[in-house]
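In what follows, every chain begins at residue 1, and chains take the letters A, B, ... in the order their sequences are listed. For clarity, every value in this text was computed on a predicted model and none was experimentally measured.
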There are 2 protein chains.
Amino acid sequence: MRTLKYAILGLINRESMTGYDLMKVFNMELVNFWYAKHSQIYPELKKLTDEKLITYEILPEDEKLRKKIYSITEKGRQEFHNWILQQDLLEPTPKDIFRLKAYFIESLSNAKILNHFHYQLTQRQEKLEKLQNNMQILLDSKDISKIQSPEYGDYIVLKSAIKREKSYIEWLNECIEEVTTNTRIFVDERRP
Amino acid sequence: MRTLKYAILGLINRESMTGYDLMKVFNMELVNFWYAKHSQIYPELKKLTDEKLITYEILPEDEKLRKKIYSITEKGRQEFHNWILQQDLLEPTPKDIFRLKAYFIESLSNAKILNHFHYQLTQRQEKLEKLQNNMQILLDSKDISKIQSPEYGDYIVLKSAIKREKSYIEWLNECIEEVTTNTRIFVDERRP
DNA sequence: AAAGTCATGTAAAGCGTTACATGATTAT
DNA sequence: ATAATCATGTAACGCTTTACATGACTTT
């Protein structure tokens, strides 16, 4: 599939940048739907250069801090465009260890279950707050009214990440409520 | 992380089964949060047998159809239990090619954007219907009222998969509406 | 008879993470 | 001076997919 290839082409198409810049974008803005470590980015940049999809110039010249600024080529732009135009079938659903553990919930006591769900809930709520904070910053600093602008892309994917967390939190709360109720009934039943 | 290891241990802990059975569970019930191809399952079963976490007996004996029925060992049960008790930090968010393409939305015309979103929406709606159908079957055929039962695990993860699809669909609909509105305004603006 | 499912495996390649490795620049 | 950040790369390992491979049983 080579998705990393197209992710890099797309970012360099937006704006010429270094491998280090790419790394920051992957691990900040894009982290909610795509990411890569620098150890994957640098070899991919080399590969894309070999394939003549991108080129680079070293700046500042002669000096010691060798910084490679990558730009997209016409060939690269075309391949990126073909990729984004192509309509894909649904991907397999993402793997989720917490859900896997939830599937095996019968192996735990109600107290342990509640522990697990509360721990996950706290983490998810913290994440949601961060995302909502990012959204506030985006709305305050950028104009997202034009659909044909990079800012609109930033906006809609951030919106989807927020929805995703809210949905997860809703599920966790419902599970906690059900298990709590069951626990209470169970306790009541033991009373004569 | 060896999550496949624990997924297999968990399933064999529920009930002794063959590699083929595991494959079917992974690609049917568990497919919404964990899965594996048979080419990954068989080597893992071999590894788990070497580690003495599972054992197998061949049935029917002497006959040609060699069928290995795997059972969990006490050691396997312990390792599984340790795994499920352990509280994990949030995993990195799952990768999503459609969201990645959405991030690069500026590269497409409004008509193409709507095309993409509608195509995705149709697929997600079909998937949601399948999940809701599965839920109906589950509720009709099993008693999910006992938390300490495998059926309850089936139920809560199916519920989360349904929520996930609904949330995705909601997002797609909002995007479609925004882009449609924008398109209309754009068209209106071009009228004198 | 043919097609589909049951049943089990291996090999090669691709993707991704962790660890190893180096050195310059900037902020405290 | 020291720590943090900028900047670039490689090596080893682990996980996952695709393709190769075989054969029995069951349904049409």
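Using a 3.5 Å distance cut-off with no hydrogens or angles, the side chains of B:Y168 and B:D96 do pair a donor with an acceptor.
In this structure, B:I156 and B:I144 have side chains that are not in contact, with every pair of non-hydrogen atoms separated by 4.5 Å or more.
The nucleotide whose nearest atom lies closest to any side-chain atom of B:R66 is, among C:dA7, C:dC15, D:dC15, C:dA7.
Under a cutoff of 6.0 Å and an axis angle of 45°, A:K95 and B:Y35 form a cation-pi pair.
Residue pairs satisfying the side chain to side chain donor-acceptor pair (under 3.5 Å) criterion with at least one member in residues 40-49 of chain A, sequence neighbours excluded, are listed as follows: A:R2-A:E44.
Regarding contacts with the backbone of C:dC15, every side-chain N or O of B:K95 stays at 4.0 angstrom or more from both OP1 and OP2.
Here A:Y56 lies out of heavy-atom contact (under 4.0 Å) with every strand.
For the contact set between residues 36-48 of chain B and DNA chain D, defined by any heavy atom under 4.0 Å, the members are B:K37, B:S39, B:Q40. Taking a 4.0 Å limit (strictly below) on heavy-atom distances, residues 10-31 of chain A does not reach DNA chain C anywhere.
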Anything under 3.5 Å between a donor and an acceptor, one on a side chain of residues 52-60 of chain A, the other on a protein residue two or more places apart or in another chain? List them.
none

Would you tabulate the side-chain donor-acceptor contacts of residues 3-10 of chain B under 3.5 Å, counting partners in other chains and residues two or more places apart, or write 'none'?
residue : atom : partner : partner atom : Å
B:K5    : NZ   : B:E79   : OE1          : 2.7

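Comparing the local axis fitted to the first five base pairs of the helix from C:dA1-D:dT28 to C:dT28-D:dA1 with the one fitted to its last five gives a bend of 40°, rounded to 10°.
Computed from coordinates, the A:D50 CG to D:dG9 P distance equals 12 Å when rounded to whole Å. Atom CD1 in B:I8 sits roughly 13 Å away from atom P in C:dT8 (whole-Å rounding).
Counted within 6.0 Å of CD on B:E15, heavy atoms from surrounding residues, nucleotides or ligands total 12 or fewer; the atom is thus considered open.
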